[in-house]
Amino acid sequence: MTQDKDDPAGTDHELGALLARAARPTTGSTADVRDQLAEMAVAIVGTSQVRSRRRVGMMSVILAPMLVLGAAGAAYAVTTIDWSQLWHNTPEWDEWAQDPDATVNYNLPGGGTCELRLGEVDYSPDPNRPAEVAADPGAEQAARDFLRTADLLTVADVDATITTMRDKDKNWAQSDDGPAVPFGYGTDNYNADVEYNMAVKQAIHVAVMDHVESMGIPSTGLGYQSQEQCTGAVQ
Amino acid sequence: MRGRPRDADEQRFLEITGEIGPELLRYFQRRIGADAPDLVAEVMVTVWRKRALLPSEHEHARMWCFGIARNLLRNFARGERRRSELSSALRATVSVTDVELDSEEAVAIRELIDQLGPELAEVVTLTHWEGFSLAEIARLQGVPAATVRGRYLRARLALLAALSNDIAPTPL
């Protein structure tokens with residue numbers, strides 16, 4: 001046998017013949033197959049565009065009072081963003097998180113690390129929802145199966161989610177009787193760790209809902225819990 | 001009535017999935033059979049979701065898509081059946097056209113391939129079923145090309161030795 005060092009497919013006929021005998025039958029690239037693949041791709045684009053229009057949102061958090069020392073040495077009160085509200089970062093795992101459906105580990109832009117646990121999938125559609133809004137209890141199992149088996153950081157697009165959040169989301173912090181201030185990318189109140197952590201959770205949420213809906217099951221009423229423990233995060 | 005104009009991302013997504021869709025279908029059919037259309041749908045959903053990262057050069061884009069396919073296949077192997085509405089038409093077509101029966105010999109050889117372990121099995125199947133070069137497989141597996149060459153030779157020796165009653169191994 002002569003064997004090309006880097007391309008044995010064309011030269012190692014002995015093993016090639018063996019592998020050819022082992023392969024399951026496949027479908028040729030017929031016009032029907034190509035048409036259906038093309039329709040599938042168009043449907044994916046269409047579904048995604050409807051959903052992304054739905055996702056444009058607004059997030060509000062509470063401003064936290066903070067004492068600062070002014071130039072003249074006098075202490076005065078200002079408000080600042082209380083970033084801790086944007087984390088679900090508790091020292092102990094909740095009871096459900098002791099046995100999560102999924103665990104994801106990731107690094108934050110500031111060098112911190114997080115472990116995110118997801119679970120306690122719940123199906124509870126609004127009984128008073130409009131008649132045309134379909135719901136299916138099968139969504140709960142479909143979401144749970146997906147959380148348990150998918151490589152979530154492979155299927156969740158965190159970078160694209162950050163881009164969408166920067167383009168479309170408007171974030172405001174508001175105290176009880178104080179001013180409302182914008183926060184997030186492009187404002188004076190930007191926290192890259194918070195943004196990334198939010199994006200991971202949002203991207204996973206989108207991936208779960210997309211998966212359930214791609215199976216033909218409405219995601220109406222579907223929810224789950226998440227909790228993270230991060231170290232080295234700017235909070 | 002005219003449809004909505006396509007943006008560049010959408011056009012690129014439709015082009016690349018149109019080109020490699022049949023190839024991805026065969027990739028999954030060879031490995032998991034009837035559930036292949038569902039995993040093709042999942043690859044497409046993931047490619048669309050991650051389209052901002054899709055390489056501009058065609059061959060790199062193809063390899064990137066196969067990387068996604070490979071990850072999904074690995075997760076699928078953990079034992080789950082997914083039925084996607086997206087893939088229902090394709091599934092119906094494939095089940096109609098897929099009339100060739102799987103032979104006992106094919107099943108026996110696949111069992112031998114499985115016994116190689118996932119990394120070695122992947123090298124020989126990507127080589128001979130999909131026609132990937134060892135350098136391409138090295139990129140997919142994230143290891144040096146020399147490692148993949150070693151895996152190929154080990155897999156080759158093991159397979160031919162296992163079948164030594166029928167086929168004598170060729171010295172390398």
Side-chain angles (χ1 to χ4, degrees), chain A residues 1 3-10 12 14-30 32-45 47-49 142 145-146 148-151 154-161 163 203 206-207 210-211 213-217, chain B residues 10 13-14 17-18 21-22 25-26 29-31 33 40-42 44-46 48-53 68 71 74-75 78 80 82-87 89-90 93-94 97-98 100 102 105-106 109-110 113 124-125 127-129 131-135 145 149 152 156 159-160 163 167 170 172:
Chain A
M1 181 201 73
Q3 186 179 312
D4 185 305
K5 192 172 156 190
D6 285 318
D7 188 16
D12 187 355
E14 193 171 19
L15 199 57
L18 180 67
L19 269 286
R21 279 153 51 198
R24 286 188 177 86
T26 59
T27 309
S29 181
T30 63
D32 272 356
V33 167
R34 288 197 304 275
D35 286 350
Q36 282 157 4
L37 286 165
E39 283 171 18
M40 196 189 288
V42 168
I44 288 165
V45 173
T47 306
S48 159
Q49 283 166 342
D145 288 348
F146 184 71
R148 287 178 178 172
T149 59
D151 182 344
T154 298
V155 295
D157 192 343
V158 177
D159 293 335
T161 303
T163 301
V206 170
D210 279 356
H211 170 74
E213 295 200 3
S214 76
M215 297 177 76
I217 302 172
Chain B
E10 183 178 342
F13 169 74
L14 296 176
T17 53
L25 178 63
R26 290 193 293 275
Q29 281 181 316
R30 290 183 183 112
R31 289 161 178 82
V40 173
E42 288 202 38
M44 285 193 181
V45 169
T46 306
W48 173 249
R49 194 179 295 130
K50 297 193 158 195
R51 60 192 178 279
L53 304 175
I68 291 171
N71 283 333
R74 214 162 33 200
N75 294 324
R78 291 181 198 160
E80 181 205 15
R82 297 172 183 168
R83 280 283 177 255
S84 168
E85 187 66 25
L86 273 173
S87 56
L90 180 59
T93 298
V94 166
T97 55
D98 182 12
E100 195 178 336
D102 217 5
E105 180 196 48
I109 300 173
R110 280 206 298 274
I113 294 170
V124 288
T125 54
T127 299
H128 290 288
W129 288 350
F132 280 107
S133 71
L134 298 187
R149 277 196 290 277
Y152 182 86
R156 183 177 197 280
L159 281 176
L160 295 184
L163 292 170
I167 306 170
T170 305
L172 293 169

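Throughout, a chain's letter reflects where its sequence line sits, starting with A, and its residues are numbered from 1.
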Look up atom OG1 in A:Thr26 and atom CG in B:Leu25, then write down how far apart they are to the nearest 0.5 Å.
8.0 Å
Structural part of B:Thr46 lying under 4.5 Å from a heavy atom of chain A:
side chain
So, for A:Arg34 and B:Pro22, which heavy atoms are closest and what is the spacing to 0.1 Å?
CG-CG, 4.2 Å
Please flag which part of B:Ile68 lies under 4.5 Å from any non-hydrogen atom of chain A: side chain, backbone, both or neither.
neither
Please confirm whether the backbone N or O of B:Arg31 pairs with a side-chain atom of A:Arg24, one donor and one acceptor, at under 3.5 Å?
yes
Show the nearest heavy-atom pair for residues A:Pro8 and B:Leu134, with the distance to one decimal.
CD-CG, 3.7 Å
Shortest non-hydrogen pair, A:Val45 vs B:Leu14, comes out as CG2-CD2, 4.5 Å
To the nearest 0.5 Å, tell me how far A:Leu19 CG sits from B:Arg30 CZ.
10.5 Å
Spacing of CD belonging to B:Glu105 relative to CG belonging to A:Leu18, to within rounding of 0.5 Å:
8.0 Å
Please report the closest heavy-atom contact between A:Ala22 and B:Ile109, naming both atoms and the distance.
CB-CG2, 3.5 Å
Given heavy-atom pairs under 4.5 angstrom as the criterion, report whether the side chain, backbone, both or neither of B:Thr17 touches chain A.
side chain
Heavy-atom nearest pair, A:Ala41 first then B:Phe13, reads O-CE2, 3.5 Å
Rounding to 0.5 Å, atoms CG (B:Asn71) and OG1 (A:Thr154) come to a distance of 4.5 Å
Contact winner vs chain B - A:Thr161, A:Asp32, A:Asp157, A:Val155, heavy-atom pairs under 4.5 Å:
A:Asp157
Interface moiety of A:Ala207 toward chain B, non-hydrogen atoms closer than 4.5 Å:
both
The reported gap from CG in A:Asp12 to NE2 in B:His128 (rounded to nearest 0.5 angstrom) is 4.5 Å
